[in-house]
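The structure appears below as structure tokens.
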Amino acid sequence: MTAIALRKIRKTYGSLAVIHDIDIDIESGEFLVLVGPSGCGKSTLLRMIAGLEEISGGMLDIGGKVVNALPPSERDIAMVFQDYALYPHMSVRENMAFGLKMRGTGEKVIDERVSKAADVLKIAPFLDRRPAQLSGGQRQRVAMGRAIVREPSAFLFDEPLSNLDAALRVEMRLEIAKLHNRMKATTVYVTHDQVEAMTLADRIVVLNAGRIEQIGKPLELYHRPASLFVARFIGSPTMNTLPAKVTGAAGSGTGLSVAGRPIVLPAAITAAASGVTLGIRPEDLVRCPPEDAWFTGDLAVVERLGSQTYGYVEIGESRMLTVEFPRDAEIRVGERIHVRGNPAGTHIFDDATGLRLN
Ligand SMILES: Nc1ncnc2c1ncn2[C@@H]1O[C@H](COP(=O)(O)OP(=O)(O)O)[C@@H](O)[C@H]1O
Ligand SMILES: [Mg+2]
């Protein structure tokens with residue numbers, strides 16, 4: 001069932017358009033992540049759903065009702081902000097209870113909901129403290145608690161973890177995942193961090209300059225990015241991308257010339273564009289004898305992360321190829337490296353449109 005539907009949603013500031021005709025159907029219980037670089041319009045889109053930003057065009061439907069003209073308080077959703085926006089002079093308990101009190105909810109119900117949320121979020125011991133007496137992670141939990149007690153039909157999060165240090169960010173990410181598994185509430189979550197997006201999302205919406213590049217499950221985006229933008233945005237280390245020429249169809253495959261070498265890929269491409277970009281992830285490159293090599297060069301840097309080893313190979317024209325090696329690979333800086341690609345892990349993009357061709 002669709003919980004929230006966006007139909008041709010637009011946002012303009014004067015003559016400046018920042019959100020262009022966005023269509024998304026958010027399923028009931030789904031965890032949807034809006035991801036994209038800073039300034040692409042994530043917060044603007046989320047704030048329009050929340051009712052904090054006027055919608056310039058299109059239709060927003062929440063729970064089967066058009067809500068374009070409704071104020072935030074009548075949309076039955078709760079938002080958690082990056083800066084938490086807690087009231088400094090109120091205790092944790094008062095912060096969590098405030099919204100319910102304003103709606104005239106009875107004291108008994110408020111007490112029940114606050115203690116239940118406090119238990120779930122493990123902040124029961126801090127209920128009488130002020131926000132200033134809490135750590136960043138605890139404040140984050142209070143901000144989530146304040147949303148939970150309202151029992152809204154959907155939760156909206158705007159970069160809720162970006163003010164936390166790296167370790168706490170991972171911990172809170174797990175907490176949010178656990179919470180969602182338990183509550184199964186419809187959630188729209190904004191982040192610029194593709195790892196957060198990949199780990200939390202049922203589906204990801206990749207935004208670029210106010211437009212949708214692709215909507216899909218995390219691994220769909222990883223394995224079949226619809227555009228060069230998505231290919232480069234999702235995955236760490238970044239996918240290798242190299243200029244290539246289409247030299248012709250070869251049986252059911254495609255002939256390419258990359259870095260001066262002919263490569264035949266098993267996949268057919270949809271159009272015979274002249275200028276294309278070949279994409280290949282570091283784990284889809286493997287060492288091989290010189291005569292089979294797609295790429296050859298000297299190893300410039302080795303990064304040993306323990307569970308993975310990455311090598312950076314200089315393949316000429318000041319191009320660097322990132323290659324994933326077996327984690328205990330005996331490789332040395334300066335060594336000559338020959339690699340070939342896994343044909344199933346190749347991606348071809350049209351330089352004219354940026355769109356996937358294979
Ligand atoms: N009040 C405003 N007036 C004009 N432009 C704005 C305003 N608010 C945001 N923008 C512009 O809208 C774009 C999207 O901003 P935002 O939604 O905050 O991006 P994100 O959250 O993805 O970083 C940016 O280019 C920003 O400069
Ligand atoms: Mg933002």
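Computed from a prediction, not measured in an experiment: that's the story for all the values here. Counting starts at 1 for both ligands and their atoms, following the listed order. Along the sequence shown, residues carry numbers from 1.
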Hydrogens and angles aside, do [X] and [Y] bring a side-chain donor and acceptor to less than 3.5 Å of each other?
X	Y	value
Arg130	His89	no
Asn358	Thr254	no
Ser91	Arg129	no
Thr199	Arg173	yes

Margin query: Could you check whether any side-chain N or O of Ser56 sits under 3.5 Å from a backbone N or O of Thr12, counting only pairs where one atom can act as donor and the other as acceptor?
Written below: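 Looks like yes, one N/O pair under 3.5 Å.
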Next item on the list: Indicate yes or no: does an N/O atom of Cys40 lie under 3.5 Å from an N/O atom of ligand 1?
Entry: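 Yes.
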Protein contact of [atom] - nearest heavy atom, named by residue and atom, plus distance:
atom	answer
atom 18 (O) of ligand 1	Ser43 CB, 3.9 Å
atom 23 (O) of ligand 1	Gly39 N, 2.7 Å
atom 5 (N) of ligand 1	Tyr13 CD1, 3.3 Å
atom 15 (O) of ligand 1	Thr44 OG1, 3.7 Å
atom 11 (C) of ligand 1	Val18 CG1, 3.9 Å

Next item on the list: Would you confirm whether any non-hydrogen atom of the protein falls under 4.0 Å from atom 13 (C) of ligand 1?
Entry: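 It does: a protein heavy atom is found less than 4.0 Å away from atom 13 (C) of ligand 1.
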Checklist line | atom 27 (O) of ligand 1 protein-contacted (non-hydrogen atom, under 4.0 angstrom) | finding: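 No, there is none.
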Notebook entry, point to check: Does some non-hydrogen atom of Ser38 fall short of 4.0 Å from ligand 1?
Noted result: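 Contact check Ser38 vs ligand 1: positive.
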Margin query: Closer than 2.8 Å to the Mg ion (ligand 2): does that hold for any N, O or S atom in Ser43?
Written below: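 Yes, Ser43 qualifies, because one of its backbone or side-chain N, O or S atoms lies under 2.8 Å.
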Check: Are the aromatic rings of Tyr87 and Phe98 close, with centres under 6.0 Å apart?
Finding: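 Under 6.0 Å, so yes.
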Item checked: Validation row: His338, Phe295 side chains within 4.5 angstrom (heavy atoms) ->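 No. Closest side-chain heavy atoms not under 4.5 Å.
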